[in-house]
Amino acid sequence: MQAPSLGGVSVPRGDGKTVIRMRRGASLNELADKINANPASLITVLFHLGEMATATQSLDEDTFKLLGVELGYDVQVVSPEDEERELLGAFNIDLDAELEAEDEEDLTPRPPVVTVMGHVDHGKTKLLDAIRSEEVAEGEAGGITQHIGAYQVSTKHEGETRAITFVDTPGHEAFTAMRARGASVTDIAILVVAADDGVMPQTIEALNHAQAAGVPVVVAVNKVDKPEANPAKVRQQLTEYNLIAEEYGGETMFVDVSAKNGTNIDALLEAVLLTADAALDLRANPDKDARGVAIEAHLDKGRGPVATVLVQSGTMHVGDAIVAGSGHGRVRAMLDEHGDSVEQAGPSRPVMVLGLTSVPGAGDTFLVAPDDRTARQIAERREAASRAASLAKRRKRISLEDLNEALAAGKVDTLNLILKGDVSGSVEALEDALLKIDVGEEVDLRIIHRGVGAITQNDVNLATVDDAVIIGFNVRPAERVAELADREGVDMRFYSVIYQAIDDVESALKGMLKPEYVEAQLGTAEVREVFKSSKFGNVAGSLVRSGEIKRGTRSRVVRDGAVVGEADIAGLRRFKDDVTEVREGFECGINLGGFNNLEVGDVIETFEMREKPRV
Ligand code: GDP
């Protein structure tokens, strides 16, 4: 079937049901290929739908859906999970089938994996520290724990020693950034609420995120050492959000703790285990190639790319061929949170892995591949897919009108950013949060580069080329880089709190927003007589009815309530004198330049456009 004219072009039309599968980050070229259309005509159709794109540009899901509806196809954008499944399928790795094939007897219990969330300053970091040192105090692990992104503690529970794994990047931002990439790492969330502050906006946000992921919550009512602490109030406040304490007949365990004094931490760990046992079936098969998720990664000066991975099933051994995100390699060594080297890591065990070729992202899945070659090929395919996907993600839309204006003015209003952070988790959390800033359609926020490690000369060069601002999160510029940035006029900003970075970018964006203009009426004059002048054209002998009429201002001519034209006040006279303005109640002669369509009884309204302050 040939399409009716869609903005003047004809495009082969679907029946409204045919499913077209597009990978995330695909371009119009690919769609054109699949539906046998000319890419140029798709550009035109899209243009008439109010969007501009080139044939090779990555499009987001909404745009594909919109085009699909217009063209009569059911366009489905394949999720990263599906894509991953298809990718692995090409290498004969089918993780779903693998799980299904497992028998009851293959499965053994694994420790719960816990993420700590809550409002800023309610004590998440302190609590993670307290839990860690509780372990040391018990003398079981020995040695000081290092920050590798996750750690495991063991605790006595009903006469048994049980392990719990903590993800030690607190906050729901990182949690959700990982979920967005299809990684569900967390089994249980500890929601920290300061007893002296009560339920706050991010408490609810964190709770929503946990509930959206279907993760059971244990509430740690923190700072009970403070005299103004009111733990009962926290319990009461949370009932409004369907989190009802056990002692009030609900199902959620609330534990009063003081992260500062280390009080009641053992009870909190106990509550985590009780909740896990009651609500979850945490078992995995340890006897297969390891599968899991990278939770943190960075580039180490001496050791190269290091990634902390959480094994979710199977067991990883030194020497295994692995692929994590778009990095691959052989496991050269594995270190636990005490810096001790380990030979193998089973389910729920976080370990720092050395031997990868590049730094994976937080939330990237990892797996042990049958051999080095497969690992490399999977990594390459992932790299290609993620490049395409990130292009699509980075593009924030700009409305057509603004684009036109900006193009006309010779510049597009874009805030380009380069993000550098200490660990990939924080870079991703920051990127995610930044892209969520709502600045309307007029400004384009683009993250042109992101990375882990110090700010380098390369970053500054890139910023120079693309007029970008560099944001450093817990990192500083490398040697001589600050000088270079200064010389090139590159703005670098440093943060250690995500919210501050977001706040700053948000205000920068607001400042960059184009001013909105509103019309302000200046005056009106009634035409009493029309004189023809050979020199000036028509002159309206008028009486100023309100405000004042000023020379040079814009005016419109209104006849019987309808606008008949718009023109500048070209000439203004009182008697024989040229004047610049005439006030209410006075007579004057008005000449509208080339505009001569004037009749007795017309009203000339003058106005100007004034900038409206943004709120
Ligand atoms: P986060 O933003 O949630 O990670 O909060 P932090 O762990 O950084 O804690 C914020 C502030 O609260 C710090 O000054 C901590 O010392 C303090 N704090 C944390 N836990 C406690 C506690 O149990 N009692 C008291 N009095 N202060 C605490």
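Throughout, numbering of the chain's residues begins at 1 and tracks the sequence. We count ligands from 1, going down the list as the structure has it; atoms in each ligand are counted the same way. Everything numeric in this text was worked out from a predicted model, so none of it was measured.
Between Asn261 and ligand 1, a contact under 3.5 Å exists for no N or O pair. Ligand 1 has no N or O atom lying under 3.5 Å from any N or O atom of Val120, backbone or side chain. The distance criterion of under 3.5 Å between nitrogen or oxygen atoms is met by Lys223 with respect to ligand 1. When only interatomic distances are considered, the shortest N/O to N/O separation between Val224 and ligand 1 does not fall below 3.5 Å.
Numbered from 1 in the order shown, with element, the atoms of ligand 1 that lie under 4.0 Å from a heavy atom of Ser258 read 23 (O). Against a heavy-atom cut-off of under 4.0 Å, Lys226 is close to the following atoms of ligand 1: 26 (N). In summary, the atoms of ligand 1 found under 4.0 Å from a heavy atom of His119, numbered by their order in the structure, are 3 (O).
The main-chain N or O of His338 is found under 3.5 Å from a side-chain atom of Asp336 such that the two form a donor-acceptor pair. A donor-acceptor pair is defined here as one N or O able to donate and one able to accept, closer than 3.5 Å; no such pair exists between the side chain of Arg283 and the backbone of Thr108. Between the Gln312 side chain and the Ser184 main chain, a donor and an acceptor come within less than 3.5 Å of each other.
Contact annotation for Asp225 and ligand 1: only side-chain heavy atoms (C-beta onward) come within less than 4.0 Å of the ligand. By the criterion of a heavy-atom distance under 4.0 Å, the side chain of Asn222, and not its backbone, is placed next to ligand 1. Contacts between His122 and ligand 1, counted as non-hydrogen atom pairs separated by less than 4.0 Å, involve the backbone only.
The two residues Pro347 and Thr315 come nearest to each other via the heavy atoms CD-OG1, 4.5 Å.
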Under 3.5 Å, which donor-acceptor pairs do the side chains of residues 348-357 form with other protein atoms, sequence neighbours left out?
from: Ser348; atom 1: OG; to: Arg110; atom 2: NH1; distance (Å): 3.1
from: Ser348; atom 1: OG; to: Pro111; atom 2: O; distance (Å): 2.6
from: Arg349; atom 1: NH1; to: Gln152; atom 2: OE1; distance (Å): 3.0
from: Arg349; atom 1: NH2; to: Glu337; atom 2: OE1; distance (Å): 2.3
from: Arg349; atom 1: NH2; to: Glu337; atom 2: OE2; distance (Å): 3.4
from: Thr357; atom 1: OG1; to: His328; atom 2: N; distance (Å): 3.1
from: Thr357; atom 1: OG1; to: His328; atom 2: O; distance (Å): 3.1

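Among residues two or more places apart in sequence or in another chain, the salt bridge (Lys or Arg N to Asp or Glu O under 4.0 Å) test is passed with Asp121 by none.
Separation of the Phe473 and Tyr495 ring centroids does not fall under the 6.0 Å cut-off.
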